[in-house]
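Heads up, the thing below is written out as structure tokens.
Ligands are counted one by one from 1 in listed order, and the atoms in each one are counted from 1 as well.
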Amino acid sequence: MQVHFKATWLMTAIALIGPSIADAQAAPKNVGEDQAAYSSKPGDDFYRYANGEWLKANTIPVGHSTYDNRAMLAEKTNQQVRDLIQHAASAHANKGTVLQKVGDYYTSFLDLGSIETKGLSPIADEMSRIGAITNTGSLSAYLGTTLNSEVEGLTANGDHVFGLWINQGFEDSDHNFPHIWQGGLGLPDRDDYLDSSRDKAELRDQYQAHIKALLKQAGDADSENKAARILSLETRIARAFAPNIDAADVFKQNNPWKRADFYTKAPGLDWDAYFRSAGLAEQQDFIVWQPSAVIGVSALAASENIDVWKDYLRFHLLEHYAGVLPKAIATEHVALYDTILSGTQQISDRTQQAITATNGALGHAVGQLYVQLCFPPTAKARAEAMVRDLIAAYRGRISNLTWMSSQTKQKALAKLGTLQVIVGYPDVWTDYSSLDVSPSDALGNMRRAEAFNRSRNIAKLKHPANPIEWPINPQLPGAVIMFSPNAEFFSAAILQPPYFDWQGDSASNYGSAGAAMAHEITHSFDELGNIYDAQGRLGAWWNAEDRSRYVEATAKLVEQFNRYCPLIELCVDGKQTLTENSADLAGLLVAHDAYVLSLHGQGDVVIHGLSGEQRFFLAFANRWRKLQTETALRQQLKTDTHAPGEYRSDTVRNVDAWYETYTVAPGDKLHLKPEDRVRIW
Ligand SMILES: [Zn+2]
């Protein structure tokens with residue numbers, strides 16, 4: 001199974017959050033016992049004061065360029081998910097239960113004997129449907145059947161023409177619309193086809209050899225020429241794709257098209273046939289994200305030789321199901337995607353592939369089993385209580401902003417009022433009861449799971465938009481901001497130690513996961529989120545004066561970060577990292593306010609000789625510990641919008657409470673005079 005994730009398309013309407021929350025880190029459990037190891041004075045080097053021991057005790061794993069909490073948690077979660085899926089497989093649970101479906105999906109994927117014996121027969125019916133294509137009409141009808149073969153809404157552009165995502169409109173937050181995305185390329189990026197550099201030319205040679213090998217495995221004669229023609233067709237599709245810079249501009253994606261517009265604006269495809277077989281026969285309103293791609297591909301459907309299209313479709317059918325086809329095909333597929341395209345030398349083992357496939361097809365089923373094990377309702381309740389404190393703290397901060405006009409503040413407060421911050425797992429799980437999973441039919445299982453997800457998606461068109469529809473699986477460590485609708489999701493897997501300990505110390509939880517959540521909430525109000533209103537509709541709500549006063553308010557933070565130089569000739573770029581640094585600062589301040597609120601006027605408790613305030617700031621600094629090679633550091637400084645962890649940890653310099661907590665005084669290296677401490681939010 002091949003799932004391409006196109007971050008550039010999603011960053012606008014949906015900001016996928018990896019590094020920021022994923023760096024969240026709670027204080028070590030026996031924090032007091034580590035104290036003897038704190039070699040640095042907090043006021044001189046708070047990062048090493050908090051993390052010195054960890055930095056000394058850990059090394060970067062072989063084959064990697066970084067190591068941090070995020071990597072540690074990914075490993076841990078992977079192991080948890082592996083254990084529970086394998087347990088499901090050996091449980092032989094009653095037919096129809098979630099446990100049976102998860103277990104049998106996994107079992108079938110590993111039933112190599114049965115996969116080998118069946119050969120290509122499970123896709124013979126679809127191969128003959130492709131074989132029966134004779135003209136643009138039948139080509140259009142077939143292409144329609146491949147629309148929306150994504151496993152879930154956040155994966156875009158697979159190997160098919162086009163991608164479909166069901167979500168509210170950019171201007172209409174009440175109804176769901178089909179959002180049509182460009183699609184149809186085997187290589188991940190437009191530039192992979194169009195860039196004339198040597199690296200990309202080499203990649204294209206490898207891809208062409210891969211197409212040839214796959215067709216040969218399927219018994220095609222003349223696979224050499226067919227591969228060349230398929231690559232040439234994909235190159236023409238790539239030319240129609242929107243340049244990445246346009247694909248990142250959300251205002252350019254808001255193109256409402258009526259059904260009839262497809263005929264006038266994008267002639268070529270038989271659109272009635274296409275939408276009928278896509279299950280969208282009745283649909284009148286669409287949102288086309290990249291019109292150039294729809295126009296270009298539609299024209300190609302009419303102009304390109306029909307036999308080339310048929311070869312292209314046969315190849316992509318093989319590629320799509322490669323993981324559950326005989327070994328020769330599966331191996332060829334994995335060699336391309338695991339090594340050449342992912343840039344690593346490691347081919348994942350079959351067990352890992354089975355885990356990934358099960359997780360992908362039955363995300364909420366695995367999620368249910370995962371939270372039973374790792375995130376009970378008590379954990380959810382505790383995280384929700386923290387969210388309530390964060391929102392209350394935010395309300396106070398917004399009301400007191402000096403750079404935002406009072407009119408804009410009303411809009412911000414309205415947006416905060418409707419913002420949904422959802423933690424752990426959905427209250428209502430996907431109901432898989434109509435999905436049949438067999439222990440000996442890997443390809444059938446995959447196909448049925450895709451059909452299930454497809455009709456589930458399309459059914460959403462009949463219902464009002466649901467702002468709390470989960471866009472991420474609870475067992476995936478991460479967080480997602482959905483600017484449209486106005487919601488943020490923090491998965492159960494990210495809310496576990498070392499980030500958040502539902503049985504552990506509250507001060508550490510607020511300083512770590514709390515500050516990370518408040519960071520993400522800030523993005524709903526800053527220069528990322530200020531083009532989406534309280535209902536997630538597109539429209540800028542800061543005025544010109546807010547903008548210029550914001551720039552003024554942030555200038556000192558830009559300077560502060562410009563002065564951090566981890567390499568003699570290379571410093572942090574304060575402008576490039578401003579949005580994230582500003583969200584870090586807001587996140588820390590809001591989390592601190594929220595922590596104080598959570599005490600309800602009761603005093604701090606001392607744990608292992610540390611006050612709550614001390615544990616709060618320590619946990620904040622612990623989030624940022626990271627080992628990385630010099631090459632990785634250079635790359636980060638040049639391209640990343642996030643500053644290196646050490647300087648993110650130094651955000652504490654701007655917070656008065658930190659000075660009191662650690663008695664930081666003039667002369668200490670991190671000390672800033674009160675008037676030099678930055679206050680934005
Ligand atoms: Zn951020």
If I take every N, O or S atom of E520, is at least one of them less than 2.8 Å from the Zn ion (ligand 1)?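 Checking E520: none of its N, O or S atoms is under 2.8 Å.
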How about H523: does one of its N, O or S atoms come closer than 2.8 Å to the Zn ion (ligand 1)?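 For H523, the answer is yes, given that an N, O or S atom comes within less than 2.8 Å of the Zn ion (ligand 1).
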So which of the N, O or S atoms of E580 lies nearest the Zn ion (ligand 1)?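 Output for this pair reads OE1.
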Do you know which N/O/S atom name in H519 is closest to the Zn ion (ligand 1)?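 The H519 atom nearest to the Zn ion (ligand 1), restricting to N, O or S, is NE2.
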Cationic N near anionic O, under 4.0 Å, [X] to [Y]:
X: E384; Y: R388; value: no
X: D45; Y: K669; value: no
X: R625; Y: E646; value: no
X: K415; Y: D533; value: no

